[in-house]
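Encoded as structure tokens, the structure appears first; notes follow it.
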Amino acid sequence: MSDRQAPLYCPYCGEEDLRPNESSHGAWECHSCARVFSVKFIGLLSKGVSSS
């Protein structure tokens, strides 16, 4: 199985200047706003999402 898709935008500033963080597995650093973050999958909704 391949690695998961990398985030395309910083969730804080919306910029695209992201790089993997060397010190923490799965963390990303934004070189525009100097934040380090990770994206975590929590789970699925029990009923799923209904389309309107």
Side-chain angles (χ1 to χ4, degrees):
M1 183 174 237
S2 64
D3 291 332
R4 295 190 183 269
Q5 178 67 34
L8 300 176
Y9 303 98
C10 173
Y12 297 99
C13 70
E15 292 294 328
E16 300 176 9
D17 191 9
L18 303 177
R19 298 182 189 143
N21 182 265
E22 300 278 333
S23 62
S24 180
H25 178 71
W28 294 87
E29 48 190 58
C30 176
H31 284 241
S32 295
C33 68
R35 289 184 167 102
V36 177
F37 65 92
S38 64
V39 180
K40 181 180 178 182
F41 175 74
I42 302 297
L44 298 172
L45 296 174
S46 60
K47 292 185 176 184
V49 178
S50 63
S51 59
S52 301

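Quantities reported herein were computed from a predicted structural model and do not represent experimental measurements. Hydrogens, waters and symmetry mates play no part in the numbers below; they use all other heavy atoms, side chains included.
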Walk me through it: do Glu29 and Arg35 pass the test side-chain contact (heavy atoms from CB on, under 4.5 Å)?
-> CA-CA 6 Å; Glu29 48 190 58; Arg35 289 184 167 102; over 6 Å; no
Where Tyr12 and Cys33 come nearest, the two heavy atoms and their spacing |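 Closest pair (atom of Tyr12, atom of Cys33, distance): CB-SG, 4.4 Å.
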Smallest separation among heavy atoms of Pro7 and Leu18, with atom names =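 Looking at all heavy atoms of both residues, the closest pair is O-CD1, 3.5 Å.
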Given the rule that I, L, V, M, F, W and Y join up when any side-chain heavy atoms are under 4.5 Å apart, are Val39 and Val36 in one cluster?
->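 Val39 does not cluster with Val36.
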Go through the steps for Ser32 and Cys10 under the test side-chain contact (heavy atoms from CB on, under 4.5 Å), then give the verdict.
-> CA-CA 9 Å; Ser32 295; Cys10 173; over 6 Å; no
Interatomic distance, Cys30 atom SG to Asn21 atom CG [nearest 0.5 angstrom] | 12.0 Å
Any side-chain heavy-atom pair from Trp28 and Ser38 closer than 4.5 angstrom?
-> no
